[in-house]
Undergrad: 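Okay, handing you the structure first.
Sequential numbering from 1 along the given sequence is applied to the chain's residues. Each ligand, and each atom within it, is numbered from 1 in the order the structure gives.
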Amino acid sequence: MTQQTASAPSMFAKVDTFAAFVCDWLIDLVFPPRCGNCGRVDHRFCDACHDQLISLPLETNSIIVDSLDDICATGKQVGILEAAVKSFKFHDALALCDSLTARLVASLSQQDWPIDVIVPVPLHADRELERGYNQSNLLGQQLARAINAPCQPAWLARIRGTSQQARLAASERRDNVAGAFEASADVEGKSVLLIDDVVTTGSTLSECALALRARDARAVYGIVVSKT
Ligand SMILES: [Zn+2]
């Protein structure tokens, strides 16, 4: 009896997995994945472009963002780095997480920031559900493992929906995210490293920093893959 009840769900799970596999296979057949950089029909980011990304040198520029103690980026949002960030963010090219994190680790090693905790810039819950993941959280978790620091996505929440920053003019971005975040009381006295994929005007990171400081974070730094 026990065996029967145990085997029934596992059989359904197998049928489900098989159905999902067939579904993915059919979608790939009709709409084959294309490399986000060179367009070749292959994976979301082909091996040749991946090799190019790995050998792309860091390009550190000084960036100033209000309310942050300091911030670094691994390069500019152009060429293969832009393609990689977009593929990672919008097209499920999750295999890029390792290579992008390697850049973050290298960039961070050039700073002498005391980091107690990594906090990813949160997506609104609806958007995370739609996309299936928060790209900043994936990078934050991976970076945390690499530098042996904790990553606490729950310490910063988006408390209201906002329009996508990319669709707004620079002057509208600050209003769009004003008061959109709330930090946990756990950040008190901590030196926080905020992580996001891209910085443009810095409005989002700046608002996140204000929310963390409102809870008495000791310092707030920022790290991003690329700057526009
Ligand atoms: Zn390619």
Undergrad: Verify, without hydrogens or angle tests, whether Arg34 (side chain) and Gly39 (backbone) share a donor-acceptor contact under 3.5 angstrom.
TA: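 Answer holds: yes.
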Undergrad: Looking at every non-hydrogen atom in both residues, tell me the closest pair between Ser99 and His50 and how far apart they are.
TA: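 Closest heavy-atom pair between Ser99 and His50: OG-NE2, 2.6 Å.
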Undergrad: For residues Trp155 and Val192, determine if any side-chain heavy atom of one lies less than 4.5 Å from a side-chain heavy atom of the other.
TA: no
Undergrad: Under 3.5 Å, which donor-acceptor pairs do the side chains of residues 72-86 form with other protein atoms, sequence neighbours left out?
TA:
residue, atom, partner, partner atom, Å
Thr74, OG1, Arg103, NE, 3.0
Thr74, OG1, Val225, O, 2.6
Lys76, NZ, Glu59, OE2, 3.3
Gln77, OE1, Ser226, OG, 2.5
Glu82, OE2, Lys86, NZ, 2.9

Undergrad: Report yes if some heavy atom in the side chain of Asn37 is under 4.5 Å from a heavy atom in the side chain of Leu53; otherwise report no.
TA: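 A side-chain contact under 4.5 Å is absent here.
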Undergrad: I want to verify a count. Protein N, O or S atoms less than 2.8 Å away from the Zn ion (ligand 1), how many are there?
TA: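 Number of qualifying protein atoms: 4.
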Undergrad: Can you confirm whether Leu156 sits close enough to Cys208 that some side-chain heavy atom of one is under 4.5 Å from a side-chain heavy atom of the other?
TA: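 Yes, at least one pair of side-chain atoms sits under 4.5 Å.
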